[in-house]
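Take a look at the following structure, please.
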Amino acid sequence: MIIYYQKKKLNYQLYSGIGFLIIGIAIVLLNNFSLIYYTWALLALLQLGTWYFKKKHQYLHISEGRLTKNSLFPKSIKLNELTAIWKFKSSFTLETRQAKIKIDKDLMEDESLYKLTDLLNQIELKPQQA
């Protein structure tokens with residue numbers, strides 16, 4: 001199961017990256033390669049690179065009893081080893097004895113949020129051992 005980013009947030013990132021690129025190109029046309037051009041080009045590349053990564057990998061991937069939060073350094077947790085699930089207004093926190101993952105609800109599509117909530121409600125937690 002894949003938990004998707006909100007399309008609105010992905011589109012914002014794409015459009016801001018394109019905007020930075022346009023500003024960088026405009027500066028080059030008006031000012032012949034100044035240091036500011038490189039800053040705008042770098043910002044554009046970072047935004048577009050982040051957009052591409054998020055579009056390709058999405059927010060969460062759940063398969064074979066493992067939840068993976070995709071980022072530059074992905075975090076993974078086995079669902080059958082969960083000892084606590086903390087449900088807050090804007091996030092979930094999943095804990096095992098070795099790891100802890102915070103999942104932001106505001107980044108997810110509504111349908112994906114419902115699927116994740118249903119999945120988390122079905123999980124039986126292992127008791128914590130001292």
Side-chain angles (χ1 to χ4, degrees):
M1 173 173 30
I2 296 174
I3 305 300
Y4 295 96
Y5 281 106
Q6 283 184 0
K7 286 184 171 76
K8 181 173 105 176
K9 292 188 187 278
L10 282 176
N11 288 340
Y12 173 77
Q13 199 155 32
L14 173 64
Y15 298 145
S16 63
I18 292 170
F20 288 144
L21 190 61
I22 291 171
I23 290 170
I25 290 170
I27 289 172
V28 166
L29 294 175
L30 297 175
N31 208 10
N32 290 341
F33 292 110
S34 69
L35 184 60
I36 294 173
Y37 163 72
Y38 294 109
T39 304
W40 285 105
L42 179 64
L43 287 173
L45 290 176
L46 287 174
Q47 283 287 71
L48 292 172
T50 303
W51 168 81
Y52 178 75
F53 180 84
K54 286 182 175 181
K55 183 79 171 166
K56 183 176 179 185
H57 294 286
Q58 293 302 322
Y59 189 45
L60 299 172
H61 182 75
I62 303 167
S63 67
E64 300 175 10
R66 182 177 289 275
L67 181 139
T68 304
K69 182 178 178 183
N70 294 313
S71 62
L72 188 56
F73 303 106
K75 283 187 167 183
S76 198
I77 198 167
K78 288 184 180 179
L79 295 175
N80 62 357
E81 294 180 358
L82 286 175
T83 56
I85 299 174
W86 301 95
K87 297 178 181 179
F88 301 106
K89 181 179 179 183
S90 64
S91 67
F92 294 118
T93 302
L94 308 178
E95 290 183 18
T96 65
R97 285 190 280 151
Q98 296 88 10
K100 186 182 210 181
I101 292 181
K102 182 178 179 187
I103 301 170
D104 192 358
K105 293 179 184 179
D106 296 333
L107 297 177
M108 293 183 242
E109 287 266 323
D110 289 337
E111 187 176 321
S112 293
L113 177 59
Y114 299 139
K115 287 180 184 179
L116 180 64
T117 303
D118 287 343
L119 177 74
L120 293 178
N121 288 335
Q122 294 172 4
I123 294 175
E124 293 183 26
L125 300 176
K126 284 188 169 187
Q128 289 185 346
Q129 297 174 355

When you compare the side chain of Lys9 with that of Lys54, does any pair of heavy atoms fall below 4.5 Å? no

Hits for side-chain contact (heavy atoms from CB on, under 4.5 Å) against Gln122, two or more places apart or cross-chain, chain-then-number order -> none

Residues 105-113, side-chain donor-acceptor partners within the protein, below 3.5 Å, at least two apart:
residue: Lys105; atom: NZ; partner: Phe88; partner atom: O; Å: 2.9
residue: Glu109; atom: OE2; partner: Lys7; partner atom: N; Å: 3.0
residue: Ser112; atom: OG; partner: Tyr4; partner atom: N; Å: 3.2

Please report the closest heavy-atom contact between Gly17 and Ala44, naming both atoms and the distance. O-CB, 3.5 Å

Ile25: side-chain contact (heavy atoms from CB on, under 4.5 Å) partners, not counting sequence neighbours: Leu21, Leu29

Taking C-beta and beyond as the side chain, do Leu79 and Ile62 meet within less than 4.5 Å on heavy atoms? yes

Can you hop from Ile103 to Ile85 via hydrophobic side chains spaced under 4.5 Å? yes

Check whether Lys69 reaches the backbone of Lys102 with its side chain - one donor and one acceptor, N or O, closer than 3.5 Å. yes

With ring-ring contact (aromatic ring centres under 6.0 Å, His included) as the rule and sequence neighbours excluded, what pairs involving residues 48-70 come up? Tyr5-Tyr59, Phe53-His57

Is there a side-chain contact between Ile3 and Leu67, using heavy atoms and a 4.5 Å cut-off? no

Before you tell me yes or no, could you show the steps for Thr117 and Phe92 under side-chain contact (heavy atoms from CB on, under 4.5 Å), namely the whole-Å CA-CA distance, both residues' side-chain angles and the distance that decides it to 0.1 Å? CA-CA 9 Å; Thr117 303; Phe92 294 118; 3.6 Å; yes

Return the minimal non-hydrogen interatomic distance between Met1 and Leu119, and the atom names on each side. CE-CD2, 3.9 Å

Determine the minimum heavy-atom distance between Gln58 and Leu10, stating which atoms define it. NE2-CD1, 4.3 Å

Looking at residues at least two apart in the chain, or sitting in another chain, which of them share a salt bridge (Lys or Arg N to Asp or Glu O under 4.0 Å) with Lys100? Glu95

Who are the side-chain contact (heavy atoms from CB on, under 4.5 Å) partners of Ser71, not counting sequence neighbours? none

First locate atom CG of Leu60, then atom CG of Leu94, and finally report the distance between them rounded to the nearest 0.5 Å. 8.5 Å

Does atom NZ of Lys87 have more than 12 heavy-atom neighbours from other groups under 6.0 Å away? yes

How long is the gap from OG1 on Thr39 to CD1 on Ile23, to the nearest 0.5 Å? 12.0 Å

Check whether any side-chain heavy atom of Leu48 lies under 4.5 Å from a side-chain heavy atom of Leu14, and answer yes or no. yes

If you round to the nearest 0.5 Å, how far is CG of Leu82 from CD1 of Ile123? 5.0 Å

